[in-house]
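Chain naming here is simple, since letters A, B, ... match the order of the sequence lines and numbering starts at 1 in each.
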Amino acid sequence: MFNLEKSDLTLLIAVAVLTLFAPFILNPFPADSAMAQFNAGYPDLMQRFVIFGIFAIGFNILFGLTGYLSFGHAAFLGVGSYAAVWMFKLLSMNVIPAIILSVIVAGLFSLLIGFISLRRSGIYFSILTLAFAQMMFALAYSVLTPITGGETGLQLALDDPRIFGQSQTPEGNIPVPGLFGLEMRDSFDLAIGSWVFTFNIGYYFCALVLIASFYLAIRIFRSPFGMMLRAVKSNQQRMNYTGLNTRPYTLAAFVISGMYAGLAGGLMASMDPLAGAERMQWTASGEVVLMTILGGAGTLIGPVLGAGFIKYFENIFSKINATILHEWFAFLPDGLEDFIVAILYPFIGKGWHLTLGILFMMVVIFLPGGLVEGGQRIAAWIKGRKAGKTTAGGKTEPAE
Amino acid sequence: MGILEVKNVGKRFGGLQALSDVNLSVKENSVHAIIGPNGAGKSTLLNCLVGKLIPDTGSVMFDGQSVLGRAPYEINQMGISRVFQTPEIFGDLTVMENMLIPCFAKRDGAFELNAIRSISEQKDVLEKAEQMLVEMNMADKRHMHAAAMSRGDKRRLEIGMCLSQEPRLLLLDEPTAGMARADTNNTIDLLKQISEERDITIAIIEHDMHVVFSLANRITVLAQGTPLVEDDPENIRGNPKVREAYLGESA
Ligand SMILES: Nc1ncnc2c1ncn2[C@@H]1O[C@H](COP(=O)(O)OP(=O)(O)OP(=O)(O)O)[C@@H](O)[C@H]1O
Ligand SMILES: [Mg+2]
């Protein structure tokens, strides 16, 4: 089906099931229980999971396959957001033209930046992309204020033209992004017992885009083009002496990943119609690098896992505070309780970065293949136990 | 006129005149060996042919066209393939993928955005790569990572990759260096077979005289950056100038 190998089809179905049932899967705890704060099934966060998943899938096509490490991809996400908001201001609140323009604009920017940056490789390439992204951030933040809204960001206003839509709703409000009558922010709640599951139009729109993006990534990975990109990473000299021009290959990978970033930016603006320069900052570019490496660079599913993992930490771990810790350890004698809370405190709340940093280091050192390698090792271990005899060191397969 | 015509080529590295006044004519469908002591400039000459280096003076014509100033990939697309002194293969890729890449380069040229149809759907290329693997006796290794193979196998794979492009001129830089005797003999047989069965001209740099005299039908001796003699193998064997170049003045 879909012209995929069996293992790839399984992967695609798994991703589809996980995203479509995410409102259930991410809300395992009853709404009134103490564990409810670990529920991640609310629209805002679920949208971020899939949007950053798309961002990371695209980034992985460049970094995972060719090995070229860009430190400026958030810039393309940023221009995608601006382009989408401008479409909402000028054209209409329909998300389709907005997203199409996001992808095109991000593609053009990445063509220009990629063309220049790819004259160098290795660390120099990374520095060049970083420099470009910071320049774009600075421009967006100050010089180009009329286009970008500067510090406050680009927002919709009541007097925007919206030539194919309406400037204001009959009630005098700014209209909201939608898709042929469906409003992105609309949700409905399903209560089963003490569980509450929220189904949000915007989330499902993003989820469908993620599934399509993932399918496209599989096609690219399995195509001759994808193989050439891996060849670039493996031995550029051999490529050149095999009659292959590496430059357009790397540039195409760069532009494709830039367009994925633009798509993510357009979706972000479609969920919440504003765009700010901070989306382009180098920390945002670094984040997608972390997602890809944490999940498993060069693997299909890794970047999606990495994106989910980091966003979960950012949003859930950061909400745990000292009071909650005290509640958890209230059963301990007072002195011990205070002691344990004092030890754990730096790792929660605002300290979630510390936890994430430690986890990241452990993954890089012990699981260079990321979470995917971790999964494979566990699978191999279980298989080994099932077979009765444990065969040492399950060999990891590349690019699943 | 040979398929490859090198005229008055000179190349200087700082104070070192690595090549001076090199003239070389390689006849179509011959096996032409270039021999000479260490540092004679053999690899430098080869680098000038494939676009890795640009000579300071002179001209290099392949099949009536100048190769100078062209990028390595362009020269390869003209029909010159090169095997390196240390095998250059795609170590992270499987043996099959290593073979597929030159086959795609042959069919699609230097760049093609062939990104939607999977490899398994492109049967023509798949079959060609498969056939080449069989010819190279490597079909059983197709799923192996190329980096995990023995040196002899890597060399064989590299030669196979070059052959799958159906080049008109195959350049080999010490293809048997560091090989065990058995591997060396296998390589000799392979190259012999190639030159007999295919329309491929071979230029080979080699130190091992056993290899040279088993294969070559023309030999150029290079010493200190200039050709000393060019002759048939029988005449090279007894040539005193050649002995002198190899053994130094004391001989
Ligand atoms: N890129 C370079 N820069 C400076 N000098 C070089 C360079 N390449 C080669 N040389 C020098 O040019 C001379 C010829 O080198 P070359 O590698 O062509 O010799 P060779 O005949 O291939 O020797 P060998 O049999 O050892 O491979 C040597 O003295 C070498 O040190
Ligand atoms: Mg040499």
Side-chain angles (χ1 to χ4, degrees), chain A residues 2-9 58 61-62 64-67 212 215-257 259-260 297-298 300 369 395-399, chain B residues 47 50-52 71-84 86-94 96-122 125-126 129 143 145-148 157-158 161-162 164-165 167 171:
Chain A
F2 303 124
N3 257 323
L4 294 181
E5 303 281 323
K6 198 162 159 267
S7 60
D8 291 339
L9 187 64
I61 290 175
L62 177 69
L65 292 182
T66 70
Y215 174 69
L216 184 64
I218 297 180
R219 304 291 325 203
I220 291 176
F221 265 62
R222 301 299 176 228
S223 73
F225 175 72
M227 180 174 67
M228 295 301 179
L229 298 184
R230 283 187 293 129
V232 167
K233 185 178 184 177
S234 180
N235 191 341
Q236 291 213 22
Q237 163 126 316
R238 187 18 98 199
M239 270 197 104
N240 285 324
Y241 291 95
T242 306
L244 293 161
N245 189 357
T246 52
R247 189 75 68 74
Y249 278 105
T250 47
L251 184 58
F254 194 91
V255 172
I256 291 171
S257 70
M259 289 166 85
Y260 266 86
L300 277 165
K395 264 231 163 186
T396 51
E397 291 294 323
Chain B
N47 288 337
V50 294
K52 191 165 190 179
Y73 75 88
E74 292 173 308
I75 295 175
N76 175 277
Q77 290 283 356
M78 289 169 78
I80 303 181
S81 280
R82 171 179 184 176
V83 173
F84 284 80
T86 41
E88 290 279 354
I89 52 175
F90 302 108
D92 308 325
L93 274 55
T94 65
M96 184 62 181
E97 286 170 329
N98 268 272
M99 201 56 96
L100 281 165
I101 287 171
C103 293
F104 276 111
K106 173 78 183 167
R107 193 193 72 177
D108 296 341
F111 172 71
E112 176 83 41
L113 194 59
N114 193 348
I116 297 300
R117 285 174 66 217
S118 71
I119 293 169
S120 49
E121 288 168 76
Q122 315 202 15
V125 175
L126 214 52
H143 295 303
H145 268 197
L157 175 62
E158 195 186 15
M161 289 163 71
C162 289
S164 68
Q165 294 199 289
L171 303 174

Validation row: [X], [Y] side chains within 4.5 angstrom (heavy atoms):
| X | Y | value |
| --- | --- | --- |
| A:L244 | B:F111 | no |
| B:F104 | A:M227 | yes |
| B:I119 | A:R222 | no |

Please classify the contact between [X] and chain B as side chain, backbone, both or neither, with a heavy-atom cut-off of under 4.5 Å.
| X | value |
| --- | --- |
| A:M228 | side chain |
| A:I218 | neither |
| A:A231 | both |

Given the options B:S81, B:G51, B:A105, which has more heavy-atom pairs under 4.5 Å with chain A than any of the others?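 That would be B:A105.
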Name the region of [X], side chain, backbone, both or neither, that has any atom closer than 4.5 Å to a heavy atom of chain A.
| X | result |
| --- | --- |
| B:I75 | neither |
| B:M161 | side chain |
| B:Q122 | side chain |

Identify the heavy atoms of [X] and [Y] that sit nearest to each other, and give their distance.
| X | Y | value |
| --- | --- | --- |
| A:S234 | B:L93 | CB-CD1, 4.1 Å |
| A:Q237 | B:F84 | NE2-CE2, 3.2 Å |
| B:V50 | A:Y241 | CG2-CE2, 3.5 Å |
| B:I116 | A:L216 | CD1-CD1, 3.7 Å |
| A:P224 | B:N114 | CD-O, 3.3 Å |

Which value, rounded to the nearest 0.5 Å, describes the distance between A:N240 atom CG and B:E74 atom CD?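 Answer rounded to 0.5 Å: 10.5 Å.
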Just verifying a value: how many Å separate A:D8 CG and B:S118 OG, rounded to the nearest 0.5 Å? 9.0 Å
Applying salt bridge (Lys or Arg N to Asp or Glu O under 4.0 Å) as the test, list every pair that has at least one member in residues 235-244 of chain A; sequence neighbours left out. A:R238-B:E158
All pairs passing salt bridge (Lys or Arg N to Asp or Glu O under 4.0 Å) where residues 96-111 of chain B contributes a residue, at least two apart: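 Residue pairs with at least one partner in residues 96-111 of chain B: A:R230-B:E97, B:R107-B:D124.
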Mind running side chain to side chain donor-acceptor pair (under 3.5 Å) on A:E5 and B:S120 for me, showing each step along the way? CA-CA 9 Å; A:E5 303 281 323; B:S120 49; 3.3 Å; yes
Is a side-chain N or O of B:Q165 found less than 3.5 angstrom from the main chain of A:T242, in a donor-acceptor match? yes
Set out, in order, the CA-CA distance, both residues' side-chain angles and the distance that settles side chain to side chain donor-acceptor pair (under 3.5 Å) for B:Y73 and A:N245, then state yes or no. CA-CA 6 Å; B:Y73 75 88; A:N245 189 357; 3.0 Å; yes
